[in-house]
Amino acid sequence: MNLSRNTSFMTVEKYTREYPYQELDHFIEQEDFVEIHGKRFLKPFVEKPANGDDHRIMIYYPNSAGGGMKELFRKVGNRSSEFHPDVRRVRREGSYIYEEFMPTGGTDVKVYTVGPGYAHAEARKSPVVDGVVMRNPDGKEVRYPVLLTPMEKQMARDVCNAFRQMVCGFDLLRCDGRSYVCDVNGWSFVKNSYKYYDDAACIMRKIFLDAKAPHLSSTIPPTLPWKSKAPEGLTRQGSGIIGTFGQSEELRCVVVVIRHGDRTPKQKVKLKVTEEKLLNLMLKYNGGKPRAETKLKSAVQLQDLLDATRQLVPPTRSGQESDSDAEDLEHIEKLRQVKAVLEEGGHFSGIYRKVQLKPLKWIKVPEHNGDGEEDRPIEALMILKYGGVLTHAGRKQAEELGRFFRNNIYPGEGTGLLRLHSTYRHDLKIYSSDEGRVQMSAAAFAKGLLDLEGQLTPILVSLVSKDSSMLDGLEDASIEMDEAKARLHEIIISNAKAKNTNGSVEFPWMVDGAGLPPNASELLPKMATLTKQVTAQVKLLAEGEDEKLALTSSFSRYDQAKALGKTTIDAARIAAGLPCGSESFLLMFARWKKLERDLYNERKDRFDITQIPDVYDSCKYDLVHNAHLNLKGLEELYKVAQLLADGVIPNEYGINPKQKLKIGSKIARRLMGKVLIDLRNTREEAICVADPKFTEDEALFLPTKEVEHQQKIQVRNEDGRRSSTTSEKSMDQEDEDDRETKYRLDPKYANVKTPDRHVRTRLYFTSESHIHSLMNVLRYCNLDESLHGEDSLVCQSTLDRLHRTRELDYMSNIVLRMFENTEVPLEDEKRFRIEMTFSRGADLSPLEDKTSETSSLLQEHTLPIMGPERLQEVGSCLTLDKFEKMVRPFAMPPEDFPPATPQALGYFSKGAGVLERLASFWPFHKGAANGKITEKAANCQK
């Protein structure tokens with residue numbers, strides 16, 4: 001068995017050592033890639049021994065995903081792989097083959113042929129996810145039959161013919177809508193399928209009759225006589241939703257937009273540097289271009305910066321400085337802060353820290369060859385961004401929410417989502433923005449949703465797709481947001497009374513600056529004073545003995561990479577009186593000092609209201625994670641900051657409903673367009689399954705290429721005819737749909753009560769901006785001129801509740817569930833309805849009355865997540881057509897989405913001719929012991 005089935009063979013390279021640990025000139029290893037003969041393999045990549053009998057396959061993960069290595073091996077008990085978070089360098093004791101890693105959604109497909117005209121496929125959980133082997137009560141690995149695509153059926157025919165192996169097994173990888181053959185096992189067959197052996201018997205009977213009694217072959221039916229009856233017990237089951245819509249409703253689609261979990265405060269340090277060491281470092285990493293900026297993210301780059309900073313920062317503070325030295329002192333303190341940030345955690349990881357160096361001033365100096373002059377930078381702006389890291393509480397929140405979804409969002413069979421997912425009737429895709437805290441929240445949620453085990457890095461790489469283009473968009477609304485903040489500042493500072501935009505007091509959310517406290521201008525000075533008091537206390541802690549203890553104690557080094565999978569506090573640090581997590585007292589002081597300085601400018605006597613959310617975040621973070629430090633005035637500061645933040649944060653996304661709608665539609669335009677595509681695709685799939693004209697009895701023998709092509713065209717034509725009541729699906733939508741990897745249960749082979757039941761789930765993990773933006777579009781879309789006279793998608797009672805909602809906190813989410821009512825005709829608009837709910841997330845004050853459950857969670861530094869709330873009236877029916885009509889003006893049209901980029905399929909896409917020439921290299925078809933050709937076939941890929 002070849003364990004490299006989770007890799008692509010689009011790029012493969014081998015290097016050979018003549019003796020262990022031999023250094024090779026053509027092999028280069030860096031932090032996040034290896035280079036062999038000039039070909040670069042970026043992590044994640046796969047390393048497998050050149051010796052085909054050695055099955056220890058390694059997968060190396062990039063630092064952006066947490067780093068580490070996963071080892072794959074032959075099954076031992078219920079394990080098939082192990083994750084090693086500390087292993088980051090490749091092996092050097094032997095010869096190895098390197099391949100690109102191919103994410104397959106955590107699933108492998110095994111295909112079994114009986115002659116070139118028949119193929120049976122089964123799917124199983126991939127060993128790269130958590131390494132736990134799923135077994136049935138008989139101890140066999142759990143597998144379920146899945147349907148093959150026309151292309152995959154042709155691939156089965158080509159493999160069978162090329163290797164001249166009638167009974168043959170091979171492995172498929174599905175990635176980005178494409179399929180790849182990665183392993184051909186030769187003589188192999190299904191272990192637990194009566195249907196497979198019945199089919200095999202019919203095929204062999206026909207082969208024998210064709211050869212010896214062709215006159216009888218055409219007279220005998222193609223199926224066994226005792227298997228001609230339709231299977232029993234395959235009736236459709238209701239979703240369990242009882243009430244107005246009846247038990248004939250079935251859940252078809254779940255679309256969720258989720259904010260990330262609890263994080264550390266986001267931080268930024270800015271300082272102008274003139275030191276030659278730092279300017280030379282900038283030139284080193286920008287190619288020697290004096291006017292180009294440099295970004296430092298890799299471990300090597302950050303280590304160079306740390307080395308330079310250590311030489312520039314004096315070992316101790318001098319103690320007494322004059323006022324004339326204040327500017328120099330501030331510069332040294334900022335360099336000290338940069339040094340502390342870079343030393344945090346013991347080693348570097350690109351998720352958490354990045355540095356920009358932007359040249360500001362230049363002088364002319366002679367060129368090295370003396371033929372003229374060139375620019376030389378003499379001053380640069382250094383910007384260090386850090387923090388915003390998912391905490392242990394954030395990981396716990398995400399995992400718990402995943403468990404809640406598993407048990408409550410998917411009605412139906414008693415074993416719920418896991419049964420649905422394991423039987424490949426659950427089409428799950430998880431998307432994330434490119435921020436580390438968002439990616440790790442998505443991985444932790446997937447762990448809870450699918451009941452996975454182990455660390456988050458393999459889950460992240462295997463199941464979560466980064467899509468920064470769809471989940472970003474703040475820059476598209478930057479002008480409008482700046483206008484909203486300016487108007488907000490005017491209302492607060494001038495004590496202006498809220499201006500009603502429609503002359504009505506019935507709806508308080510319709511006024512400019514709704515939610516701002518009436519005494520906001522009086523609260524600002526109080527906030528500044530309290531912030532100064534807290535900062536002074538933290539400064540004393542930073543200057544005291546605790547800081548020395550933090551630098552020397554064995555438990556002071558907080559390894560962020562190792563903490564990725566933890567959901568508990570570091571009890572040793574808390575007991576020692578140190579800050580929670582990786583933050584030192586020095587960095588904690590720098591955080592509060594920056595807030596004090598930015599909130600109120602004493603020289604200009606001006607408040608910056610954009611700092612209010614940051615002060616609130618820091619207060620809440622320290623009340624939850626650092627309550628043991630007993631900072632006086634922190635609770636009072638939190639109360640003041642909360643009053644202001646409850647008004648400021650929602651209004652940053654629009655000062656009134658019309659502006660909120662405009663900003664929201666710009667930020668969430670692409671995401672909203674993708675949500676509509678998800679719902680439309682699900683509807684079309686459901687119609688195809690429900691239409692009796694579409695239902696086809698799958699032939700025993702595989703169709704030829706021409707037949708498959710005609711069938712695909714016919715299906716699309718039928719699909720277009722049948723969906724006349726809906727929007728026509730564009731070619732770009734088809735590209736988007738085709739690109740997604742799907743695993744569809746084969747109902748003819750499955751021992752499942754409801755094989756036709758199929759649910760599509762799309763999870764979009766993002767930040768606060770998209771939650772606010774999407775919510776604003778849903779509740780204010782009816783204010784657009786094109787929808788004049790329409791009611792809001794959100795009912796009046798919920799509009800009022802949203803107005804009173806303090807914030808959409810960590811793990812807040814918006815859930816859209818689409819149900820199909822199978823009792824109404826296909827063309828009836830009530831066939832499909834949308835149910836909308838939302839959760840405020842961890843919207844609980846750490847100062848509120850504490851129940852026993854809440855107190856226990858607070859001791860673990862974790863705030864509970866609020867349950868779901870309806871956005872519609874109970875019993876109301878929001879049809880899919882109505883939902884599309886209301887949100888389409890604010891969504892990106894399908895034709896504006898970039899088309900999917902096809903990926904080359906390598907040898908196995910080139911037909912049987914190439915495969916026959918490939919197979920002729922080895923005599924595996926001439927009496928080989930077991931037909932094992934996996935290593936040889938794999939190594940002949942380009």
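Any value given below was found using the heavy atoms of this structure, including those in side chains, with hydrogens, waters and symmetry copies removed.
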What's the verdict on side-chain hydrogen bond (donor to acceptor under 3.5 Å, both in side chains) for Asp608 and Tyr600, showing C-alpha distance, side-chain angles and the deciding distance? CA-CA 6 Å; Asp608 184 356; Tyr600 176 61; over 6 Å; no
Can any side-chain N or O of Lys660 pair as donor or acceptor with the backbone N or O of Gly654 at less than 3.5 Å? yes
Asn651/Ile491 under side-chain contact (heavy atoms from CB on, under 4.5 Å): CA gap, chis, key distance, verdict: CA-CA 11 Å; Asn651 283 289; Ile491 293 175; over 6 Å; no
Examine distances only and state if a side-chain atom of Asn519 and a backbone atom of Glu522 form a donor-acceptor pair shorter than 3.5 Å. no
Keeping the roles fixed (side chain from Ser432, backbone from Lys466), state whether a donor-acceptor pair exists under 3.5 Å. no
N/O donor-acceptor pair under 3.5 Å between Gln439 side chain and Asp434 backbone: yes
For Tyr653 and Ser769 the tightest heavy-atom approach is OH-CA, 3.5 Å
Verdict with reasoning, Tyr621 to Thr391, per side-chain contact (heavy atoms from CB on, under 4.5 Å): CA-CA 10 Å; Tyr621 176 82; Thr391 66; 4.2 Å; yes
N/O donor-acceptor pair under 3.5 Å between Arg259 side chain and Leu808 backbone: yes
Residue pair Lys620, Asp809: steps toward the salt bridge (charged side-chain N to carboxylate O under 4.0 Å, His left out) verdict: CA-CA 11 Å; Lys620 190 170 185 178; Asp809 211 321; 2.4 Å; yes
Between Arg263 and Gly394, is there a donor-acceptor pair closer than 3.5 Å when you use the side chain of the first and the backbone of the second? no
Are Gln311 and Asp307 close enough that a side-chain donor and a side-chain acceptor fall under 3.5 Å? no
Rounded distance [0.5 Å steps], CD in Glu435 versus OG in Ser441: 10.0 Å
Would you check if there is a donor-acceptor pair between the side chains of Tyr810 and Asp843 at a distance under 3.5 Å? no
Below 3.5 Å, can you tabulate the donor-acceptor pairs from side chains in residues 632-644 to any protein atom, sequence neighbours excluded?
unit_1: Glu636; atom_1: OE2; unit_2: Lys526; atom_2: NZ; d: 3.4
unit_1: Tyr638; atom_1: OH; unit_2: Gln642; atom_2: NE2; d: 3.3

Within the structure provided, determine whether Pro314 and Arg336 are in side-chain contact (heavy-atom separation under 4.5 Å). yes
Rounding to 0.5 Å, atoms CG (Asp614) and CD (Gln267) come to a distance of 8.0 Å
Value rounded to 0.5 Å, distance of NZ in Lys272 from CG in Leu381: 7.5 Å
Closer than 3.5 angstrom, by distance alone: can the side chain of Lys385 be matched with the main-chain N or O of Gln356 as a donor-acceptor pair? no
Distance check, rounded to the nearest 0.5 Å: Thr309 atom OG1 versus Lys334 atom NZ? 14.5 Å
Might you work through the side-chain contact (heavy atoms from CB on, under 4.5 Å) test for Phe607 and Ile492, ending with a clear yes or no? CA-CA 10 Å; Phe607 290 96; Ile492 293 176; over 6 Å; no
Taking all heavy atoms of Pro650 and all of Ala645, pick out the closest pair and write down the distance. CD-O, 3.8 Å
side-chain contact (heavy atoms from CB on, under 4.5 Å) between Leu586 and Gln337: does it pass, once the steps are laid out? CA-CA 7 Å; Leu586 174 61; Gln337 184 180 347; 5.7 Å; no
Is it the case that the side chains of Arg88 and Asn63 hold a donor-acceptor pair, with the cut-off being a distance below 3.5 Å and no angle test? yes
Quick one: NE2 on His628 to CG on Asp622, what's the gap to the nearest 0.5 Å? 9.5 Å
Nearest-0.5 Å distance, CG of residue Leu42 to CD of residue Glu35: 10.0 Å
Partners meeting side chain to side chain donor-acceptor pair (under 3.5 Å) with Glu367 (sequence neighbours left out): none
Salt bridge (charged side-chain N to carboxylate O under 4.0 Å, His left out) evaluation trace for Glu583 with Arg591: CA-CA 10 Å; Glu583 192 175 45; Arg591 165 162 61 89; 2.9 Å; yes
Judged by atom type as modelled, is there a donor-acceptor pair below 3.5 Å linking the side chain of Lys539 to the main-chain atoms of Phe589? no
Looking only at atom types and distance, does a side-chain atom of Asp375 sit under 3.5 Å from a main-chain N or O of Trp362, one as donor and one as acceptor? no
Given the rule in the salt bridge (charged side-chain N to carboxylate O under 4.0 Å, His left out) test, do Glu275 and Lys277 qualify, once you have shown the distances and angles that lead to the verdict? CA-CA 6 Å; Glu275 291 83 353; Lys277 289 182 181 295; over 6 Å; no
All heavy atoms of Leu595 vs all of Gln611, minimum pair found to be CD2-OE1, 4.3 Å
Main chain of Thr862, side chain of Gln397: is a donor-acceptor contact present, judged purely on distance under 3.5 Å? no
Regarding Asp262 and His861, is there a side-chain donor-to-acceptor distance under 3.5 Å anywhere? no
As a test of understanding, state which of Val534, Asn626, Leu623 forms a side chain to side chain contact (heavy atoms under 4.5 Å, CB included) with Leu631. Val534
For Lys532, enumerate each residue passing the salt bridge (Lys or Arg N to Asp or Glu O under 4.0 Å) test, keeping only those at least two apart in sequence or located in another chain. Glu602
Report yes if some heavy atom in the side chain of His260 is under 4.5 Å from a heavy atom in the side chain of Ser767; otherwise report no. yes
When you compare the side chain of Met282 with that of Asn286, does any pair of heavy atoms fall below 4.5 Å? yes
